[in-house]
Amino acid sequence: MMDFSDGNQKPMNPHIIIPDEFYLSEDVVGLARDMIGKLLIKRNENDLMVSVITETEAYAGETDRASHAWNRRRTARTEVMYSNGGVCYVYLCYGMHHLLNIVTAPEGIPHAVLIRSILPLSGFDSVKKTKTGAKNLIKSGIGPGRLTRLLGIDMKYNGQSLCDGEKIWIEDCGLNFKEFIAVTKRIGIDYAGADAELPYRFVVESEIADREIKKAGLF
DNA sequence: AACAAGATTAACT
DNA sequence: GTTAATCTTGTTA
């Protein structure tokens, strides 16, 4: 068992950067599940925004009617989805919301995992007072459009690497939410026919995530 | 060139 | 429960 204490009673958070190979699995549904409970870190000018991923959806590329890359649609918008796994795919939805995806699988396979909600943990003091930040931080990261606004993610992050330690990345802090993960069909993709019924959405309630994080003595 | 639809959200009634 | 906001994209002509 690793000792994460810093010798000063205060728990130190284990920041284990995920290896690049993590993103190269072709099991995008398994990856979407595995990303639940991982930390999403965003570097700002003067601080780090640390949150835990609480909801994801898998988009399985060219064979998935719900995916932007369905039926080999390789266009200016979807090109980044064909990149080697480990970069962001950001697009504008309904003309106003930026949605954050994590591209997975080796180059040429346009898999992606949509981040649908996060639980903010630290580094959000600057947005607490804003409408976006809201009084209730637990709720402020719920919804794919809200979390990007909270984190300040826009089209500039399209194609941004998660493996260079620069602006945004994922870490493993040892949290295991497996027993709390609910699996459902995906949201807002009724146009996808039979694929709309696939069990590709993974979610853990924010209140449970909050409880488990406190129980583990993290943050 | 025109047009419909969209991996959503907030503010209504 | 319903609807406006808002604009890029993919499709059709």
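First the proteins, then the strands, lettered A, B, ... as listed; each starts at 1. Just the heavy atoms: all of them, side chains too, but no hydrogens, waters or symmetry mates, feed the values below. The structure displayed is predicted, hence computed values, not measured ones.
- Geometrically, A/Arg211 engages A/Phe180 in a cation-pi contact, judged by NZ or CZ lying under 6.0 Å from the ring centre and within 45° of the ring axis.
- Between B/dA2 and C/dT6, the two P atoms lie 22 Å apart (nearest whole Å).
- In this structure, A/Glu79 pairs ionically with A/Arg74, as a charged nitrogen and a carboxylate oxygen lie closer than 4.0 Å.
- Stacking here means ring centres nearer than 5.5 Å and ring planes tilted less than 30 degrees, and by that measure A/Tyr191 does not stack onto B/dG6.
- The pair A/Lys214-A/Asp210 meets the salt-bridge criterion, with a side-chain N (NZ, NE, NH1 or NH2) lying under 4.0 Å from an Asp/Glu carboxylate O.
- In this structure, the CE atom of A/Met81 is 11 Å from the P atom of B/dA7, given to the nearest Å.
- Of the candidate nucleotides C/dC7, C/dG10, B/dG6, C/dG10 has the atom nearest to the side chain of A/Arg77.
- Residue A/His68 places at least one side-chain N or O closer than 4.0 Å to OP1 or OP2 of B/dA7.
- For the pair A/His98 and A/Met155, the minimum side-chain heavy-atom distance is below 4.5 Å.
- Nearest-nucleotide assignment on DNA chain C puts the 5′-proximal partner with A/Gly95, out of A/Arg73 and A/Gly95.
- In this structure, A/Arg146 reaches the B/dA10 phosphate: one of its side-chain N or O atoms is under 4.0 Å from OP1 or OP2.
- Where pairing requires Watson-Crick or G-U contacts shorter than 3.5 Å, the helical stems of DNA chain C with at least three consecutive pairs are B:1-6 with C:7-12, B:8-12 with C:1-5.
- Protein atom CG of A/Asn158 is 14 Å distant from nucleotide atom P of C/dT8, rounded to whole Å.
- Note: CZ (A/Arg65) to C1' (C/dG10) measures 15 Å, nearest angstrom.
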Can I get a per-line list of side-chain donor-acceptor pairs under 3.5 Å for residues 60-70 of chain A, giving both atom names and the distance, sequence neighbours left out?
unit_1, atom_1, unit_2, atom_2, d
A/Glu62, OE2, A/Tyr82, OH, 2.9
A/Asp64, OD1, A/Ala66, N, 2.9
A/Asp64, OD1, A/Arg186, NH2, 3.1
A/Asp64, OD2, A/Ala60, N, 2.9
A/Asp64, OD2, A/Arg186, NH1, 2.7
A/Ser67, OG, A/Ala69, N, 3.0
A/His68, ND1, A/Tyr89, OH, 2.6

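- Taking the P atoms as reference points, B/dA5 lies 16 Å from C/dT3, given to the whole Å.
- Distance from the side chain of A/Tyr59 is smallest for B/dA7 among the nucleotides C/dT8, B/dA7, B/dT8.
- Following rounding to the nearest Å, A/Asp195 (CG) and B/dA7 (P) show an atom-to-atom distance of 14 Å.
- Distances were taken from every side-chain heavy atom of A/Met96 (C-beta onward) to each of B/dT8, C/dT6, C/dT8; the shortest belongs to C/dT6.
- Judged purely by distance below 3.5 Å, without hydrogens or angles, the side chains of A/Thr78 and A/Arg73 never pair a donor atom with an acceptor atom.
- Rounded to whole Å, the distance from CG on A/Asn101 to P on B/dA7 is 11 Å.
- Rounded to a whole Å, the OH atom of A/Tyr94 is 13 Å from the C1' atom of C/dC7.
- The A/Thr78 side chain lies nearest to C/dG10 when the options are B/dA7, C/dG10, C/dT8.
- Side-chain proximity of A/Tyr91 to B/dA7, C/dG10, B/dT8: nearest is B/dA7.
- Using a cutoff of 4.0 Å between basic side-chain nitrogens and carboxylate oxygens, A/Glu55 and A/Arg201 are scored as salt-bridged.
- The nearest pair of heavy atoms linking A/Ala32 to A/Glu57 is CB-C, 4.2 Å.
- Here A/Arg149 does not reach the OP1 or OP2 of B/dT8: none of its side-chain N or O atoms lies under 4.0 Å away.
- What separates NE2 of A/His111 from P of B/dA7 is a distance of 18 Å, to the nearest Å.
- The distance between atom CE of A/Met155 and atom P of C/dC7, rounded to the nearest whole Å, is 14 Å.
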